[in-house]
Peer 1: 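I have a structure I would like to understand better, so I am pasting it below and will then ask my questions one at a time.
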Amino acid sequence: MEIKRAYKFRFYPTFEQETILAQTFECARFVYNRMLRVRSDAWYTEKKRIGYHATSSLLTELKKEPEFEWLNKVSSVPVQQSLRHL
């Protein structure tokens, strides 16, 4: 017989950690919504599918633009994960 257990944890971040988390969530949400728009536009205008690898390349190009340099200030892992979830 297999016994399963669950644990609950609470996290009380410091002000600095809250700031970093908020920036990370903002970047992940922005990238998800932006790439969803790119995929949707490609589908509705050209009936073309855009996958993860293409959106990942677009993200790399987006990060190089001066207007979106704030995307480089957070870890790339959550941002890339938001693309995988898309």
Side-chain angles (χ1 to χ4, degrees):
M1 185 167 104
E2 183 178 336
I3 297 175
K4 295 184 180 181
R5 293 187 178 153
Y7 296 96
K8 284 188 176 183
F9 294 96
R10 272 202 102 105
F11 177 59
Y12 298 101
T14 63
F15 179 74
E16 181 180 314
Q17 290 170 333
E18 283 182 6
T19 304
I20 292 170
L21 285 170
Q23 289 173 344
T24 303
F25 295 150
E26 178 185 350
C27 289
R29 186 172 39 249
F30 171 79
V31 167
Y32 184 93
N33 290 332
R34 176 113 178 176
M35 295 307 164
L36 179 61
R37 170 58 61 192
V38 168
R39 284 182 171 189
S40 298
D41 290 346
W43 176 252
Y44 288 118
T45 59
E46 306 167 16
K47 298 292 185 203
K48 179 181 174 186
R49 290 180 185 239
I50 297 179
Y52 166 74
H53 295 290
T55 54
S56 182
S57 297
L58 288 172
L59 176 61
T60 303
E61 296 303 317
L62 190 67
K63 284 182 170 184
K64 292 178 183 176
E65 294 180 21
E67 182 181 353
F68 300 107
E69 67 184 16
W70 51 272
L71 289 170
N72 293 316
K73 294 183 180 179
V74 298
S75 173
S76 63
V77 175
V79 177
Q80 286 291 329
Q81 190 63 41
S82 71
L83 286 181
R84 285 188 200 97
H85 286 208
L86 181 61

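This chain uses plain numbering: 1 for the first residue, then up along the sequence.
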Peer 1: Kindly compute the distance separating CH2 (Trp70) from NZ (Lys73), expressed to the nearest 0.5 Å.
Peer 2: 10.5 Å
Peer 1: Please tell me whether Phe11 and Phe25 are part of a single hydrophobic cluster in this structure, the criterion being side-chain heavy atoms less than 4.5 Å apart.
Peer 2: yes
Peer 1: Which pair of heavy atoms, one from Tyr32 and one from Ser82, lies closest together, and at what distance?
Peer 2: CD1-O, 3.4 Å
Peer 1: Pick from Asn72, Val31, Leu58: which one makes a side-chain contact (heavy atoms from CB on, under 4.5 Å) with Lys63?
Peer 2: Asn72
Peer 1: Hey, which of Asp41, Leu86, Thr55 is the one that makes side-chain contact (heavy atoms from CB on, under 4.5 Å) with Leu36?
Peer 2: Leu86
Peer 1: How would you list, by chain and number, every residue that makes a ring pair (Phe, Tyr, Trp, His ring centres under 6.0 Å) with Phe68, sequence neighbours excluded?
Peer 2: Phe30
Peer 1: So for atom CD, which belongs to Glu67, do other residues, nucleotides or ligands contribute more than 12 heavy atoms lying within a distance under 6.0 Å?
Peer 2: no
Peer 1: Which pairs, with at least one residue in residues 2-12 and sequence neighbours excluded, count as a side-chain hydrogen bond (donor to acceptor under 3.5 Å, both in side chains)?
Peer 2: Arg10-Tyr12
Peer 1: Indicate the atoms forming the closest heavy-atom contact of Tyr52 with Arg39, along with that distance.
Peer 2: N-NH2, 3.3 Å
Peer 1: So which heavy atom on Val79 is nearest to which on Cys27, and how close?
Peer 2: CG2-CB, 4.1 Å
Peer 1: Report the C-alpha distance between Leu59 and Gln80 in whole Å, list the side-chain angles of each, state the deciding distance to 0.1 Å, and finish with yes or no for side-chain contact (heavy atoms from CB on, under 4.5 Å).
Peer 2: CA-CA 9 Å; Leu59 176 61; Gln80 286 291 329; 3.4 Å; yes
Peer 1: Does a side-chain N-to-carboxylate-O contact under 4.0 Å join Lys64 and Glu61?
Peer 2: yes
Peer 1: Could you report the tightest heavy-atom contact between Leu83 and Ser56, atom names first, then the distance?
Peer 2: CD1-CA, 3.8 Å
